[in-house]
Visitor: 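One structure, as C-alpha cells, below. Some questions next.
Keep in mind the model is a prediction, meaning the values are calculated, not measured. Both backbone and side-chain heavy atoms feed into the values below; hydrogens, waters and symmetry mates do not. Chain letters run A, B, ... following the sequence lines, proteins first and then strands; every chain starts at 1.
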Amino acid sequence: DQQVKQNSPSLSVQEGRISILNCDYTNSMFDYFLWYKKYPAEGPTFLISISSIKDKNEDGRFTVFLNKSAKHLSLHIVPSQPGDSAVYFCAASGTGTYKYIFGTGTRLKVLA
Amino acid sequence: DTGVSQNPRHKITKRGQNVTFRCDPISEHNRLYWYRQTLGQGPEFLTYFQNEAQLEKSRLLSDRFSAERPKGSFSTLEIQRTEQGDSAMYLCASSPGLPYTDTQYFGPGTRLTVL
C-alpha cells in the first residue's frame, strides 16, 4: 500500500516558467512533509519542509503548499532553471515514528 | 561543513559473499538511518538508531542484514550471503533529533551490485 504517491513520473517545463510537482498521501497521522531533490548517482538533497500546522512554506524560489483536507502537497519552483532538472521526492513522517515514507519521485526537466 | 559520508561508493560482489558498508553521520547528529533505494522507487526505510541504540527495524531487514552503531558515532550495515535481489543503492541519513520537525540529511549512498 503506497502511503505517499507521486502520480506524475515526469514533467517538462520551459526555463523561467513555474514548475509544479504534486504529492498525495493517505495516512492522516502524517504531520511533517519534505521535498528532496536527487541527481543521478547522488543521495537525496533536502529542499524544503512543512509541518502540518502550516499550509505554506517558502524558501527562495521554492514554495511548498499543504492541503490537509485533501491530503495533498505541492512544490512550486519559480522561476525554473536548467539546474533544477532532477528527480524530486516527497516524503512524510508522523509523530512517534522516525522513518520517512517516500513517494516514487517525479523527474523534472527544465528546458533552456 | 561536512555532511554525511558513506564508504565505499560502489561495491560489486558475487552472490553469496558478505559485504559491509560504513556511514559517518554529521557530527552533532544523534539519529542515524539506513534506507534502500531501487530503480524507479523512492528510498525505503531499513533501520534507525538513536545514539547507539537500534530503535526501529523494517521487515525489509531480513536476518541476513545487520546494522550497528558502536558508541553512537559511525554505523555499519552488513549483508551476509548476498543475493541478486540485494542490488540497490544503500543510503544513510542523519538528523539532530529535533522534536516535531526533525530533518534527515542523506549521504551520497553506496551502490551495491550483486553478480
Visitor: Show the nearest heavy-atom pair for residues B:T103 and A:Y32, with the distance to one decimal.
Guide: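 Shortest heavy-atom contact: OG1-OH, 2.7 Å.
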
Visitor: Name the member of A:G105, A:S51, A:P44, A:S49 that forms the most heavy-atom pairs with chain B at distances under 4.5 Å.
Guide: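 Among A:G105, A:S51, A:P44, A:S49, the one with the most close pairs to chain B is A:P44.
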
Visitor: Please determine whether the number of non-hydrogen atoms from other residues, nucleotides or ligands lying under 6.0 Å from atom CZ of A:R61 exceeds 12.
Guide: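 Count over threshold, so yes.
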
Visitor: Could you check whether atom NZ of B:K11 has more than 12 heavy atoms from other residues, nucleotides or ligands sitting under 6.0 Å from it?
Guide: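 Counting other residues, nucleotides and ligands, NZ of B:K11 stays at 12 neighbours or fewer.
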
Visitor: Just how far is it from atom NZ of A:K99 to atom CD of B:E44, taken to the nearest 0.5 Å?
Guide: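 That separation rounds to 10.5 Å.
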
Visitor: At what distance, to the nearest 0.5 angstrom, does CD of B:Q104 lie from OH of A:Y100?
Guide: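 Going from CD on B:Q104 over to OH on A:Y100, the span is 4.5 Å.
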
Visitor: Is it the backbone or the side chain of A:Y98 that comes under 4.5 Å from a heavy atom of chain B, or both, or neither?
Guide: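 Both the backbone and the side chain of A:Y98 come within 4.5 Å of chain B.
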
Visitor: A:G43 and B:L91: which non-hydrogen atoms are nearest, and at how many Å?
Guide: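 Minimum heavy-atom separation between A:G43 and B:L91: CA-CD2, 3.9 Å.
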
Visitor: So which residue, A:R107, A:K38, A:Q6, ends up with the most heavy-atom pairs under 4.5 Å with chain B?
Guide: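 Counting heavy-atom pairs under 4.5 Å, the top option is A:K38.
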
Visitor: Can you name the one residue among B:Y35, B:Y105, B:F106 that meets ring pair (Phe, Tyr, Trp, His ring centres under 6.0 Å) with A:Y36?
Guide: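 Output: one option passes, namely B:F106.
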
Visitor: By the rule that ILVMFWY residues connect when side-chain heavy atoms come within less than 4.5 angstrom, directly or transitively, which residues belong alongside B:L98?
Guide: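 Members besides B:L98: none; it forms no cluster.
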
Visitor: Is chain B contacted by the side chain of A:A41, its backbone, both, or neither, given a heavy-atom distance below 4.5 Å?
Guide: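 Only the backbone of A:A41 comes within 4.5 Å of chain B.
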
Visitor: State yes or no: do A:Y88 and A:I101 share one hydrophobic cluster built from I, L, V, M, F, W and Y residues joined by side-chain heavy-atom distances below 4.5 Å, directly or via other members?
Guide: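 Yes, A:Y88 and A:I101 fall within the same hydrophobic cluster.
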
Visitor: Under a single-linkage definition using a 4.5 Å side-chain heavy-atom cutoff for Ile, Leu, Val, Met, Phe, Trp and Tyr, are A:F46 and B:W34 assigned to the same hydrophobic cluster?
Guide: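 No; B:W34 is not reachable from A:F46 via cluster members.
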
Visitor: For B:R64, is the CZ atom crowded, meaning more than 12 foreign heavy atoms sit under 6.0 Å from it?
Guide: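 Atom CZ in B:R64 is crowded, with more than 12 foreign heavy atoms closer than 6.0 Å.
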
Visitor: Non-hydrogen atoms of chain A under 4.5 Å away: do they reach the side chain of B:Q37, the backbone, both or neither?
Guide: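 Side chain only.
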
Visitor: Would you find more than 12 non-hydrogen atoms of other residues, nucleotides or ligands less than 6.0 Å from B:E52 atom CD?
Guide: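 Count over threshold, so yes.
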
Visitor: I'd like to verify something: which residue of B:P108, B:S95, B:P43 has the highest number of heavy-atom pairs under 4.5 Å with chain A?
Guide: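 Counting heavy-atom pairs under 4.5 Å, the top option is B:P43.
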
Visitor: May I ask whether B:L112 and B:L60 are part of the same hydrophobic cluster, defined by side-chain heavy atoms of I, L, V, M, F, W, Y residues being less than 4.5 angstrom apart, directly or through others?
Guide: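 As far as the 4.5 Å side-chain criterion goes, B:L60 and B:L112 are connected within one cluster.
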
